[in-house]
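Data first, discussion second: the structure below is written as structure tokens.
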Amino acid sequence: MSAKEPGQTETPKAYEPARVEGKWYRFWVERGYFTPKIEPGKSPFVIIMPPPNVTGELHLGHFLTIALEDAMTRWHRMKGEPTLWLPGTDHAGIATQVIVEQQLAKKGLDRKHIGREKFEEQVWAWVRQCRQTINLQHQRFGASCDWTRERFTLDDGPARAVRSAFVRLYNKGLIYRGERLINWCPRCLTAISDLEVQHQELKGHLYYMRYPLAESDGFVTVATTRPETYLGDTAVAVNPADQRYVGLIGKKVVLPVINRVIPIIADSAVDSSFGTGAVKITPAHDPVDFEMAGRQHLPLVNIMNPDATLNENAGPYASMGREAARKKILEDFEKAGLLEKITDHVHMVGHCDRCRTVVEPRVSKQWFVNTPPLAARAIEAVTSGRIIIIPERFTRVYLNWMENIRDWCISRQLWWGHRIPVWYCSKCSVMTVSVETPDKCSKCGSPDIFQDPDVLDTWFSSGLWPHSTLGWPDDTEDLRYFYPTSVMETGYDILFFWVARMIMMGLEDTGDIPFRTVYLHGLVRDEKGDKMSKMRGNVLNPLEMTRKYGTDALRFALTTGTSPGNDISLSQQRIESGRNFANKIWNASRFILRAIEANPEAVKTPDREFTWEDRWIVSRLNRVIGGVNRLLEEYQFGEAERQIHDFFWGEFCDWYLEIAKLRLRQGQASCLPVLVSVMEIALRLLHPFMPFVTEEIWQSLKPYLPPDKLPDSIVIASYPTARPEAIDPAAEDNLEAVIQVTRSIRNARAQYRVPSGKAIAAQVYSDSFAGVLSEYSGIIESLAVVRPLTVAPRNQRPQTAEKVIVDILKDAEVVIPMAGMVDIAAERQRLEKEIQSAGEAIARLEARLKDPAFISQAPAAIVEKEKARLSEYADRLARLKQELSQLG
RNA sequence: GGGCGGUUAGCUCAGCGGUUAGAGCACUGCGUUGACAUCGCAGGGGUCACAGGUUCAAUUCCUGUACCGCCCACCA
């Protein structure tokens, strides 16, 4: 470590995120930047954050969500729009309950033992802790959300919204209570919705079981995957057109062992080609059978307890588990000669989304939302274009789901969640459905009432999130100003669970769409494309990554090189390159700051002659600004970042800064204002994606910026907009020539292994760029370590017998005498290769230009362009050939 | 059974109806006293899965095939 030199800025050589991140986040929050002012004249930009479940810490998927939403939010805020990003957390009914139950189980307890009240206390304790962790993680990650409006799904406001929505729907007949076949989890002991059932392919068997005929000899053979449900059979069905069974329709069979007599019926839903063509009908334990039982008026026999053990209807098998019963029943059939055969059969089996237990279809009294009427409006909102889904392909997925929607079972036999706002009277049994908790029966006035013990599906409250967080059902200022919201950004995996429900419920409750754009991101996977999971052990801990590489690095890695709706493979290497970029920006700023300190006055000389490289970098910057703004409008965040990255690193640092160094060394400080200005604008361009490093540097640059209307933070600085008048094709061409020549010489040096310190001589011959190249010869001499570099028009190139390397550039020839080192054979080979590829290009272009179809059909501009290319190649080919002949 | 996505450099992925298809990482060679070795300079590496079609022109659009992945679905 060298001692600090006098007058020099004491900044570490590497960017140290830990030193700056907390400081700036606190600063932003203290200044209230994240809390929007309601400005009636302006239309706001609003994102309601998908509330993370209070089930533990945030994972990388959440961090991707934050990175994208924060980028959008910061961008719009910088554009001067009142911007609200509303944070919150979700009570996540069943998921949270399962976690707390597991905690209890570790202590040898279960919820039944401690009782509902105590259990809820336990959950609240966990929730408080979890919310704090989650909020802290958001803050660590730089989320610019409005903490003054933070919500939890069980808060009073959202809770009142839930009750209001329930009562409204009930009063409109869109919520009803009914005895239906639902998906039941025997482990969680609750109903779950269709969406919460995970279908998994399992290798099972098809069992062919014989049911003896009641009135005569013989039997009917049915094929089933679930022999144990025969105890609940109330019919055998065949297709009416099936010739094999016509004679049997109306006859009866006897269920073995339990000796129940059931009819053989005809139903056209039966597929004659499957199994035996005769199907056992178990209405209480199979959805298809349940439906058939409805139209055929078959009785229901429920054979199971809630925990999936067999009940008293199972006769001798009562109290056995479903697997054990299956085994025993097969044995008994086998013994009786009633098991015809067993074949292998692959089928899909439903599992509980939360606990992986095999779901049991079960008849039970539950609450349902009648969804088709809601779906009709939700479909219209999307087909009319009022709601746009990005990427577009998910529009069809959404519509397909909506068009085939079925009623939504919303009651859960859980303790954690929004209680159903329904009270039953012990006297007259009438239901009171009410937003406010009633103290007496609405019918008979009896105070002897009790509330429905069930809670609502957690997605019911999530479905109201965009309007419930803004104050609905009250007509609040927030609701009037911020609703409908702008963008709903979330993962495609919850399109049905959440997005679809929000659209239905939002439209129903408010009469308006909840958001204008749905942006769906992909899943975060590991470097091998596998889903990250604790089981696989391939999880990257986001906070650890943040500590190791910095928040900006992780954000950059998560959002670069990806496109909407596609999954993301994330590796540490990727985060490293994000860190390297932050470090690059950091060091560029260190250089600029030191340069300013060495020459403080130079920054303040705004009006002067600009050099070609000044005009070039400003021109390039403005092209990038234009591109980035366009890409952001199109939600192409990854591509926007890539353009900023490439500009900053590949043009500003690699060329402008390198040239500026040389100028500064010669005491020409006139590049300083340009350095500062380009740097500052680039920081603002990048700020939505890398908020911390950009703020840190922006603040240290601030003293040297023009003081007029300078905000206190980059957070509220304006987002750059392109200035068309700054686009400067002449400067771009000139610098391109300088860069080409420099590269050409560097290339030759590398090829001939010229030691890095050793200068070589070179000549450049050019017509159109002779002026700028000789103007920049000193610069090129330094950049390419070439000395002397002479520049002359082409016709002044001497005919010499000396063997030299010649690089044919577009508008110049670079001649390097290698003092006898020239490898003639290698040079010849190189030239021949180039001649060949030029020849091929010419052949291609000539063929194209000879094609009358091309000439007549292609746009004139394209034809002209191709002609120009042909003449360029022809010119190049001629020059290459001449060089080859010179080589002898 | 229906639908969707992917197939581009060694790896992870961008991109695109019109120059010689890009990036990051990895790789090879050279390089460390002044922004940065978390770096610089130079380089190698691609039949854009395959087969048809549309078009003046296809890696890009369409159709089909193969493989991989995902979603939805009541063949017991």
Side-chain angles (χ1 to χ4, degrees), chain A residues 2 5 8 11 13-15 199 206 222-226 229 237 269-271 273-276 278-282 286-292 345 347-348 361 391 393-394 396-397 400-401 404 492-493 495-496 523 527-529 549 553 557 560-563 565-571 573-574 576-595 638-639 642 645-646 653-654 657-658 661 743 746-751 753-757 783-785 837-838 840-841 845 848 851-859 861-863 865-866 868-869 872-873:
Chain A
S2 62
E5 290 172 52
Q8 292 220 326
T11 47
K13 276 175 84 170
Y15 172 56
H199 293 279
L206 205 51
V222 296
T224 180
T225 52
R226 300 198 58 194
T229 62
V270 178
D271 177 358
S273 64
F274 187 87
T276 61
V279 195
K280 61 191 276 305
I281 302 300
T282 322
D286 183 281
V288 186
D289 296 0
F290 181 81
E291 220 171 86
M292 193 188 291
H345 184 66
H347 61 146
M348 300 293 272
R393 67 172 186 272
F394 283 103
R396 279 186 59 194
V397 180
N400 186 47
W401 187 79
N404 298 294
Y492 64 73
D493 53 328
L495 178 60
F496 305 143
L523 268 43
E527 64 264 59
K528 293 198 287 291
Y549 302 108
T560 311
T562 63
S563 51
N566 290 329
D567 294 349
I568 298 154
S569 284
L570 190 74
S571 60
Q573 282 185 338
R574 241 175 115 132
E576 255 177 57
S577 59
R579 184 232 9 217
N580 294 354
F581 183 39
N583 194 52
K584 187 75 178 176
I585 302 165
W586 174 253
N587 277 297
S589 81
R590 279 177 71 222
F591 170 77
I592 293 169
L593 286 168
R594 269 201 225 175
E639 182 64 10
R642 197 190 59 78
H645 172 275
D646 290 356
C653 290
D654 286 353
L657 219 76
E658 291 303 323
K661 264 185 204 170
R743 288 207 162 122
R746 285 171 171 174
N747 190 339
R749 294 180 55 94
Q751 201 182 330
R753 305 277 148 87
V754 179
S756 63
L783 292 177
V785 199
S837 83
E840 282 163 4
L845 288 164
R848 191 171 298 172
D851 183 354
F854 175 71
I855 300 294
S856 59
Q857 308 255 25
I862 295 290
V863 176
K865 212 168 146 188
E866 298 292 77
R869 282 176 57 206
E872 254 171 48
Y873 273 109

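Every chain is numbered from 1, with letters handed out A, B, ... down the list of sequences.
G40(B) and C72(B) have their P atoms separated by 46 Å, given to the nearest Å. Spacing of P atoms, A26(B) relative to G69(B), comes out at 29 Å, to the nearest Å. The P atoms of U12(B) and G2(B) are separated by 31 Å, rounded to the nearest whole Å. Straight-line distance between the C1' atoms of A23(B) and G1(B): roughly 42 Å, to the nearest whole Å. Only the C1' atoms considered, C13(B) is 9 Å distant from U8(B), to the nearest whole Å. Rounded to whole Å, the separation between the C1' atoms of C50(B) and U59(B) comes to 14 Å. A9(B) and G24(B) have their C1' atoms separated by 12 Å, given to the nearest Å. To the nearest whole angstrom, the two C1' atoms, one in G10(B) and one in G44(B), are 12 Å apart.
You'll find that the side chain of Asn566(A) is closest to G5(B), out of G5(B), A35(B), A76(B). Distances were taken from every side-chain heavy atom of Arg393(A) (C-beta onward) to each of A14(B), A42(B), G5(B); the shortest belongs to G5(B). Closest to the side chain of Asn580(A), out of C13(B), U38(B), A26(B), is U38(B). Taking the side chain of Arg579(A) as heavy atoms from C-beta on, and the options G24(B), A76(B), U38(B), the nearest nucleotide is U38(B). Nearest to the side chain of Ala14(A), among C36(B), A42(B), U38(B), sits U38(B).
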Nucleotides 52-58 of chain B: protein proximity per nucleotide (B base, S sugar-phosphate only, - neither; heavy atom, under 4.0 Å)
----B--

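In this structure, the CH2 atom of Trp401(A) is 16 Å from the P atom of C71(B), given to the nearest Å. Between the CZ atom of Phe591(A) and the C1' atom of C36(B) there is a distance of 12 Å, rounded to whole Å. The distance between atom CZ of Phe394(A) and atom P of G3(B), rounded to the nearest whole Å, is 17 Å. Across the protein-nucleic acid pair, Ile568(A) atom CD1 and C13(B) atom P stand 10 Å apart, rounded to whole Å. Nucleotide G44(B) holds its P atom 10 Å from the CD atom of Gln751(A), rounded to whole Å. For the pair Met348(A) CE and C75(B) P, the computed distance is 9 Å after rounding to whole Å. Separating the OH atom of Tyr15(A) from the P atom of A37(B) is a distance of 17 Å, rounded to the nearest angstrom. Summarising the geometry, the separation between CZ on Arg574(A) and C1' on A26(B) is reported as 15 Å, rounded to the nearest angstrom.
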Taking Watson-Crick and G-U wobble contacts under 3.5 angstrom, with | marking pairs to another strand and [ ] crossing pairs, the secondary structure of RNA chain B is written (((((((..((((....[...)))).(((((.......))))).....(((((..]....))))))))))))....

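Within the nucleic acid shown, Arg396(A) comes within 4.0 Å of sugar-phosphate atoms alone, with no base atom in reach, counting heavy atoms only. The residue Thr560(A) sits apart from the nucleic acid: no heavy atom pair falls under 4.0 Å. Residue contacts for Arg743(A): at a heavy-atom cut-off of 4.0 Å it reaches the sugar-phosphate backbone alone, with no base atom in range. When heavy atoms are screened at a 4.0 angstrom cut-off, Lys661(A) is found touching base atoms of the nucleic acid. As judged by a 4.0 angstrom heavy-atom cut-off over every strand, Val279(A) is placed among the base-contacting residues. Arg642(A) comes within 4.0 angstrom of nothing in the nucleic acid, heavy atoms only. Within the 4.0 angstrom heavy-atom criterion, base atoms lie near Leu657(A). Across all strands, Asp654(A) comes closer than 4.0 Å only to sugar-phosphate atoms, never to a base (heavy-atom distances). Within 4.0 Å (heavy atoms only), Asn747(A) reaches sugar-phosphate atoms of the nucleic acid but no base atom.
Residue side chain Lys13(A) does not reach the base of C36(B) through any donor-acceptor N/O pair under 3.5 Å, judged by distance alone. Looking at Glu658(A), its side chain comes within 3.5 Å of the base of A35(B) through a donor and an acceptor atom.
Using a distance-only test at 3.5 Å, with no hydrogens or angles considered, no donor-acceptor pair links the side chain of Arg579(A) to the main chain of Tyr15(A).
Listed pair Arg869(A) / U20(B) meets the phosphate criterion, a side-chain N or O lying under 4.0 Å from OP1 or OP2. Contact annotation: Thr224(A) does not reach the phosphate of A76(B) (side-chain N/O to OP1 or OP2, under 4.0 Å).
Listed by chain and number, the residues in a side-chain contact (heavy atoms from CB on, under 4.5 Å) with Ser577(A) amount to none (sequence neighbours excluded).
Taking both residues in full, the closest heavy atoms of Asp286(A) and Pro361(A) are given as N-CB, 4.3 Å, listed atom of the first, atom of the second, then distance. Nearest heavy atoms, Lys13(A) versus Trp586(A): O-CD1, 3.9 Å.
Judged purely by distance below 3.5 Å, without hydrogens or angles, the side chains of Asp567(A) and Tyr492(A) pair a donor atom with an acceptor atom.
Mapping His347(A) and Trp586(A) onto RNA chain B via the closest heavy atom, the residue that lands nearer the 5' end is Trp586(A). Nearest-nucleotide positions on RNA chain B for Gly275(A) and Tyr873(A) put Tyr873(A) closer to the 5' end.
Counting heavy atoms from C-beta on, the side chains of Val397(A) and Leu495(A) come closer than 4.5 Å.
For the pairing with Ile281(A), the side-chain contact (heavy atoms from CB on, under 4.5 Å) check across Val270(A), Val222(A), Asp289(A) returns one residue only, Asp289(A).
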